[in-house]
Amino acid sequence: MTVAGIAGRGKDLTCPYCFERVPRRRVEFRCRGRVAGQSGCQEVPDERHAAFTRQPPEPRPPVFAADGRQPRATCPKCELESAQRVCPACHTHLPGSYLDATSRIVALVGAKGAGKSTYIAVLIHELQNRVGEELQASLVECDDRTRRRYREEFHAPLFGSHRLLPVTQSAATRLNDPLIYTLTLGRSGLLRRGNPALTLVLFDNAGEDFTSDESVDRHLRYLGAADTVIFLVDADDLPGDAPQDVIGRVTEMLRTQHGIPAGRPLPVPVGVALTKIDAIADQLSPASALRRPRPASGSFDPADREAVHEEVRALLDSWQSRGLDLFLEHNFRTYNLFGLSALGNTPQGEVVDPRGIQPYRVEDLLLWLLHRFGMLPTRRRGRS
Ligand SMILES: Nc1nc2c(ncn2[C@@H]2O[C@H](COP(=O)(O)OP(=O)(O)OP(=O)(O)O)[C@@H](O)[C@H]2O)c(=O)[nH]1
Ligand SMILES: [Mg+2]
Ligand SMILES: [Zn+2]
Ligand SMILES: [Zn+2]
């Protein structure tokens with residue numbers, strides 16, 4: 001997953017598709033082409049976009065350079081005005097709402113089958129419904145592709161047909177588009193001046209993308225661009241080597257990208273979440289913080305956060321997965337432990353439990369991030 005940004009404009013921007021860092025003024029424009037009988041430029045094969053998507057080049061109106069900080073520019077060839085801005089590195093269209101915010105990217109990483117796609121599907125649903133109401137948040141898609149892709153590939157199968165999601169295809173065979181959302185907190189739910197906004201870029205990788213050497217480049221850039229990294233670990237897989245393998249490998253990638261040698265902690269904050277907590281409920285003590293829901297206070301609750309963190313740490317201990325905890329401690333300046341269940345119940349074959357999807361603590365990670373980004377206040381105690 002990639003999350004991304006707080007309103008306010010930095011000098012540079014990270015393309016949420018190819019993850020190149022680009023100075024804002026270097027953002028380019030695509031000519032409007034021959035529209036409505038106007039004599040715009042003729043379409044030409046877009047080799048750069050093709051190289052990025054690894055598809056045969058498609059004819060598109062040409063891209064031209066102009067001041068990318070402006071919403072519009074005039075094509076030097078046909079003199080038509082264009083408002084379509086594109087990334088200079090991959091030529092993908094950059095949504096206006098994305099360009100208007102400073103992005104913070106949160107990478108979502110996990111072994112094959114860790115529950116990444118299911119988590120994304122349920123998290124978005126929760127933010128658009130129950131949690132959204134509690135936080136008075138509004139979550140709006142930044143582009144049509146996000147709207148379509150979420151609806152068709154995540155929402156329809158899981159919430160419509162109650163079927164489990166298919167295995168995510170590796171980026172080596174198919175390039176997945178990220179899901180890009182603008183999250184706004186505040187009473188009106190509208191993007192108002194002064195309302196903090198965060199652009200979330202959720203990039204749903206296949207588990208094997210972090211264990212094979214295919215398409216390493218893009219993953220390196222993706223991880224290097226991340227302001228936060230979330231590791232999802234199947235609680236049922238612990239103790240086991242697969243999750244640690246992925247975390248170890250990704251940590252190495254992060255070191256390469258940040259140029260920080262082993263022995264020194266990485267500055268990028270990480271959240272590590274045990275997924276499918278429903279499957280290990282019988283191992284939790286009745287008093288466990290993982291047995292009670294997060295208090296719905298509309299704010300960040302440090303006491304609850306601490307309790308869950310300690311509970312997960314104790315679980316890792318009891319499974320002799322203490323190595324994971326130590327690894328995180330040695331490699332990261334800040335890490336937080338989480339436990340969640342996207343489905344709430346064990347699926348039956350290819351379909352979800354007949355009781356339905358009953359998510360549990362899927363929003364904790366996001367609340368922690370929002371709090372870190374200064375968007376969500378701390379819960380006030382001693383009042384009711
Ligand atoms: N019990 C339980 N099972 C879950 C939950 N979430 C996911 N699963 C199971 O885990 C399987 C894999 O989940 P996905 O979300 O597809 O995993 P992924 O990390 O996207 O996997 P790849 O795309 O292959 O990398 C699902 O088909 C479910 O059987 C959960 O909350 N509880
Ligand atoms: Mg998947
Ligand atoms: Zn790009
Ligand atoms: Zn033109």
Side-chain angles (χ1 to χ4, degrees), residues 1-4 97 106 108 115-165 178-192 195-202 204 230 232 271 273 275-278 290 292-301 304-305 308 338-347 351-371 373 375-377 379:
M1 141 171 162
T2 338
V3 174
S97 48
V106 180
L108 186 72
K116 299 177 293 296
S117 301
T118 313
Y119 173 69
I120 288 178
V122 174
L123 177 69
I124 296 300
H125 189 262
E126 285 282 278
L127 288 175
Q128 289 180 331
N129 294 280
R130 187 181 62 85
V131 179
E133 267 165 44
E134 181 199 326
L135 299 180
Q136 299 185 321
S138 89
L139 189 73
V140 178
E141 301 88 353
C142 266
D143 56 11
D144 286 341
R145 280 186 294 184
T146 296
R147 193 170 302 122
R148 192 174 345 112
R149 191 161 163 243
Y150 178 72
R151 200 176 49 218
E152 289 170 8
E153 294 179 29
F154 294 87
H155 193 275
L158 198 61
F159 291 93
S161 322
H162 285 171
R163 301 191 68 80
L164 298 176
L165 298 174
L179 301 167
I180 310 178
Y181 294 90
T182 303
L183 179 74
T184 314
L185 300 182
R187 291 199 171 270
S188 70
L190 293 169
L191 254 177
R192 271 194 328 212
N195 267 8
L198 174 79
T199 308
L200 303 175
V201 182
L202 309 178
D204 185 22
I230 305 293
L232 293 188
T275 58
K276 316 184 193 178
I277 281 291
D278 60 281
L290 283 173
R292 56 173 190 256
R294 180 185 60 84
S297 62
S299 55
F300 176 74
D301 190 329
D304 181 62
R305 178 78 292 274
V308 170
F338 297 82
L340 63 91
S341 168
L343 298 176
N345 303 294
T346 306
V351 293
V352 303
D353 185 276
R355 281 167 290 181
I357 297 166
Q358 301 175 318
Y360 173 73
R361 286 189 178 275
V362 290
E363 71 278 23
D364 284 23
L365 275 161
L366 200 78
L367 264 57
W368 172 65
L369 286 176
L370 291 173
H371 179 67
F373 296 160
M375 287 175 67
L376 194 65
R379 183 182 187 185

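Heads up: numbering here begins at 1 and tracks the sequence.
When all heavy atoms are compared, the tightest approach of Pro377 to Ser299 is O-CB, 3.4 Å. Counting all heavy atoms, side chain and backbone alike, Pro157 lies closest to Leu165 at CG-CD2, 3.7 Å. Heavy-atom minimum distance, Arg147 versus Asp144: NH1-OD1, 2.7 Å. Scanning both residues, Thr146 and Pro178, for their nearest heavy atoms gives OG1-O, 3.9 Å.
With sequence neighbours left out, Asp278 forms a side-chain contact (heavy atoms from CB on, under 4.5 Å) with Lys276, Ser341, Thr346. Every residue two or more places apart in sequence or in another chain that forms a side chain to side chain donor-acceptor pair (under 3.5 Å) with Arg361 is listed here: Asp304, Asp364. Ala273 pairs by the side-chain contact (heavy atoms from CB on, under 4.5 Å) definition with Leu232, Phe338, Leu340, Leu365, not counting sequence neighbours. In terms of the salt bridge (charged side-chain N to carboxylate O under 4.0 Å, His left out) criterion, residue partners of Glu134 (sequence neighbours excluded) are, by chain and number, Arg294. Residues meeting the ring-ring contact (aromatic ring centres under 6.0 Å, His included) test with Phe300, sequence neighbours left out: His371. Under the side chain to side chain donor-acceptor pair (under 3.5 Å) criterion, Ser117 pairs with Thr168, Asp204, not counting sequence neighbours. With sequence neighbours excluded, the residues satisfying side chain to side chain donor-acceptor pair (under 3.5 Å) with Gln358 are Asn345. Contacts of Ile124 classified as side-chain contact (heavy atoms from CB on, under 4.5 Å), with partners at least two apart in sequence or in another chain: Ile120, Gln128, Leu139, Tyr150, Tyr181, Leu202. Remark: Glu152 pairs with Arg148 by the side-chain contact (heavy atoms from CB on, under 4.5 Å) rule, at least two apart or across chains. The side chain to side chain donor-acceptor pair (under 3.5 Å) check on Asp301 picks up Arg379, Arg381, with sequence neighbours excluded.
Side-chain atoms of Tyr360 come within 3.5 Å of backbone atoms of Leu290 as a donor-acceptor pair (strictly under, hydrogens ignored). Proximity of a side-chain donor or acceptor of Tyr119 to a complementary backbone N or O of Val362 within less than 3.5 Å is detected.
Pairs engaging residues 116-127 under the salt bridge (charged side-chain N to carboxylate O under 4.0 Å, His left out) rule: Glu126-Arg130 [sequence neighbours left out].
Summarising the local packing, CZ of Arg145 is surrounded by more than 12 heavy atoms from other residues, nucleotides or ligands at distances under 6.0 Å.
Side-chain contact between Leu376 and Leu367 is present, with at least one heavy-atom pair separated by less than 4.5 Å. Within the 4.5 Å cutoff, the side chain of Leu200 has heavy atoms near those of the Leu366 side chain. In this structure, Val122 and Phe159 have side chains that are in contact, with non-hydrogen atoms separated by less than 4.5 Å. Annotation: side chain of Phe154 is not in contact with side chain of Leu158 (no heavy-atom distance under 4.5 Å).
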Take Ile180 and Thr199 through the test side-chain contact (heavy atoms from CB on, under 4.5 Å) and record every step on the way to the result.
CA-CA 7 Å; Ile180 310 178; Thr199 308; 3.8 Å; yes
Can you check side-chain contact (heavy atoms from CB on, under 4.5 Å) on Leu183 and Leu135, steps first, answer last?
CA-CA 11 Å; Leu183 179 74; Leu135 299 180; over 6 Å; no
Would Asp353 and Leu343 count as a side-chain contact (heavy atoms from CB on, under 4.5 Å) here? Give the steps.
CA-CA 8 Å; Asp353 185 276; Leu343 298 176; over 6 Å; no
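With rounding to the nearest 0.5 Å, the separation of CH2 in Trp368 from CD in Glu363 is 15.0 Å.
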